[in-house]
Amino acid sequence: MPRDSSTSSKPPHKAYRITNIKTYVPLILDLNSHNYDPWSDFFTAHCIAYDLQDHIDDTYDAPNKPPTDTEWEQLDNLVKLWLFNSISLSLITNAYSPLASARKIWLNISSIFNDNKETTTMQLESEL
């Protein structure tokens, strides 16, 4: 029986082809490495290249629009896995939040480093 083109399934999202995020984001983010800015740029560029930036930026506001699309939820979990596989174990412990979206994990990581920058700046200024 010929296959009807109108019922053909959509090909899987290209992000599912990524088996090792460390190939694309070669830095492991760690508090002691002071590499948040380059890590963040690599990760953001990777998400943009794979059309997943809405999982880390404010394009999609999960608290106001809960995801209902199964593929979006699967991709969000994929981005979370990428995040967790590109940061140190101590950061995973600090950034983790049960049932959090990739955006929430992203914001947790950002907060850890931005709050730390302010504290370090204040300490350095007081030493001068």
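Partners of Phe42 according to the ring pair (Phe, Tyr, Trp, His ring centres under 6.0 Å) rule, which considers only residues two or more places apart in sequence or in another chain, do not exist here. The side chain to side chain donor-acceptor pair (under 3.5 Å) search around Asp41 returns none, not counting sequence neighbours. Listed by chain and residue number, nothing satisfies the side chain to side chain donor-acceptor pair (under 3.5 Å) test with Trp106 (two or more places apart in sequence, or in another chain). For Ala45, the side chain to side chain contact (heavy atoms under 4.5 Å, CB included) test picks out no residue, with sequence neighbours left out. Take Glu71 and apply the side chain to side chain contact (heavy atoms under 4.5 Å, CB included) test, not counting sequence neighbours, and it matches Lys10, His13, Tyr16, Asp69, Leu75. Asn20 pairs by the side chain to side chain contact (heavy atoms under 4.5 Å, CB included) definition with Lys22, Thr23, not counting sequence neighbours. Partners of Lys80 under the side chain to side chain donor-acceptor pair (under 3.5 Å) rule, at least two apart in sequence or in another chain, do not exist in this structure. Shown here are the ring pair (Phe, Tyr, Trp, His ring centres under 6.0 Å) partners of Phe84, two or more places apart in sequence or in another chain: there are none. By the side chain to side chain donor-acceptor pair (under 3.5 Å) test, Ser90 is found to be paired with Ser88, residues two or more places apart in sequence or in another chain being considered. Under the side chain to side chain contact (heavy atoms under 4.5 Å, CB included) criterion, Leu81 pairs with Asn85, not counting sequence neighbours.
Put simply, the residue from Asp76, Leu78, Thr70 that forms a side-chain contact (heavy atoms from CB on, under 4.5 Å) with Gln74 is Thr70.
In the hydrophobic clustering of ILVMFWY residues, with side-chain heavy atoms under 4.5 Å counting as a link, Leu27 and Ile21 come out together.
Ring geometry, Tyr50 versus Trp82: the interplanar angle exceeds 60°, so the pair is classed perpendicular (tilted spans 30 to 60°).
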